[in-house]
Amino acid sequence: MLQLPKKETDQLSKNHHIRFAVNAHLNIHRLAEIDRQLHAAGSLGGIETPRSGWVKTLRLAMGMSSLALGERTSMSPQGVRQLERAEADGTISLKTLARLADGLDCEVRYVLIPRTRLVDQVLRRAQERSMDIGALARRDAAAGPLDTEGLLQLTLLLSGVNRRGFW
């Protein structure tokens with residue numbers, strides 16, 4: 001998680017009596033850290049899901065029959081092929097996909113990649129709610145994640161915002 005320098009944390013706490021987010025309030029520091037992690041994962045872009053799905057694509061690439069995968073997952077070959085179609089159609093459950101992946105000695109990694117940075121989404125929503133976000137809202141989205149100063153400003157701005165009323 002993003003750590004602020006002790007001096008800035010102490011100053012923030014003393015001067016502004018801010019309690020960092022617990023339950024009902026926005027946690028900007030946690031949001032920025034998740035944003036950073038998801039941005040890194042999103043940089044893997046360009047990996048398209050094969051039209052026939054990953055299970056069938058990997059199974060065939062490994063030279064494995066549906067019978068062999070069925071034996072490794074305690075399913076019939078017909079059941080394997082049916083689930084491969086379900087994956088390709090987007091109707092397979094994550095639990096079932098994980099079972100097939102295990103039979104291929106793979107693991108399922110489930111992640112949502114935001115189309116725009118999470119911090120930018122929060123800033124946009126704050127602007128929609130007519131909050132005074134000034135320079136923060138005008139910053140260039142391509143400039144990357146907020147620096148420590150920007151995070152402090154955003155934390156101050158949103159410190160009293162209740163999540164229920166915000167979205």
Side-chain angles (χ1 to χ4, degrees), residues 1-55 57-58 61 86-167:
M1 185 147 100
L2 181 67
Q3 296 293 320
L4 294 175
K6 182 167 176 30
K7 179 181 172 186
E8 291 176 346
T9 303
D10 290 345
Q11 179 185 10
L12 188 64
S13 297
K14 285 179 190 174
N15 295 343
H16 304 287
H17 306 288
I18 295 205
R19 290 187 325 247
F20 286 115
V22 182
N23 302 332
H25 298 287
L26 294 168
N27 185 334
I28 299 305
H29 298 284
R30 181 70 181 131
L31 179 72
E33 176 61 18
I34 292 169
D35 212 11
R36 185 193 63 72
Q37 292 173 3
L38 292 177
H39 181 71
S43 66
L44 296 174
I47 299 177
E48 299 279 332
T49 302
R51 196 170 66 213
S52 62
W54 284 110
V55 174
T57 299
L58 293 176
E87 182 206 356
D89 295 340
T91 59
I92 195 168
S93 73
L94 289 175
K95 183 176 179 179
T96 302
L97 183 60
R99 182 176 171 193
L100 289 168
D102 189 54
L104 294 167
D105 195 24
C106 294
E107 58 186 64
V108 174
R109 300 271 174 113
Y110 183 84
V111 64
L112 301 176
I113 305 295
R115 292 182 188 103
T116 58
R117 291 185 183 270
L118 298 174
V119 171
D120 292 335
Q121 291 181 42
V122 169
L123 287 171
R124 188 172 49 251
R125 181 63 178 159
Q127 191 170 31
E128 289 169 1
R129 302 222 358 130
S130 300
M131 295 175 74
D132 182 20
I133 58 174
L136 285 173
R138 292 186 295 274
R139 78 180 189 88
D140 181 8
L146 286 173
D147 57 9
T148 302
E149 172 80 20
L151 283 173
L152 286 172
Q153 289 175 13
L154 188 57
T155 300
L156 287 173
L157 174 71
L158 299 174
S159 62
V161 173
N162 185 307
R163 287 188 304 205
R164 283 192 181 152
F166 188 70
W167 293 100

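Everything numeric here is computed off the predicted structure, so don't read it as measured data.
When all heavy atoms are compared, the tightest approach of D35 to V119 is OD2-N, 3.2 Å. Closest of all the heavy-atom pairs between A88 and G53 is CB-N, 4.2 Å.
For the atom pair L112 CG and I34 CD1, the distance stands at 11.5 Å (nearest 0.5 Å). Distance CG/L31 to CG/L38: 9.5 Å, rounded to 0.5 Å.
Each of V55, L100, T57 was compared with E87 under the side-chain contact (heavy atoms from CB on, under 4.5 Å) criterion, and only V55 meets it.
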Item to check | Stepwise salt bridge (charged side-chain N to carboxylate O under 4.0 Å, His left out) test for R30 and E33 | outcome: CA-CA 5 Å; R30 181 70 181 131; E33 176 61 18; 5.6 Å; no
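Atom CG of D89 sits in a crowded spot, with more than 12 heavy atoms from other residues, nucleotides or ligands closer than 6.0 Å.
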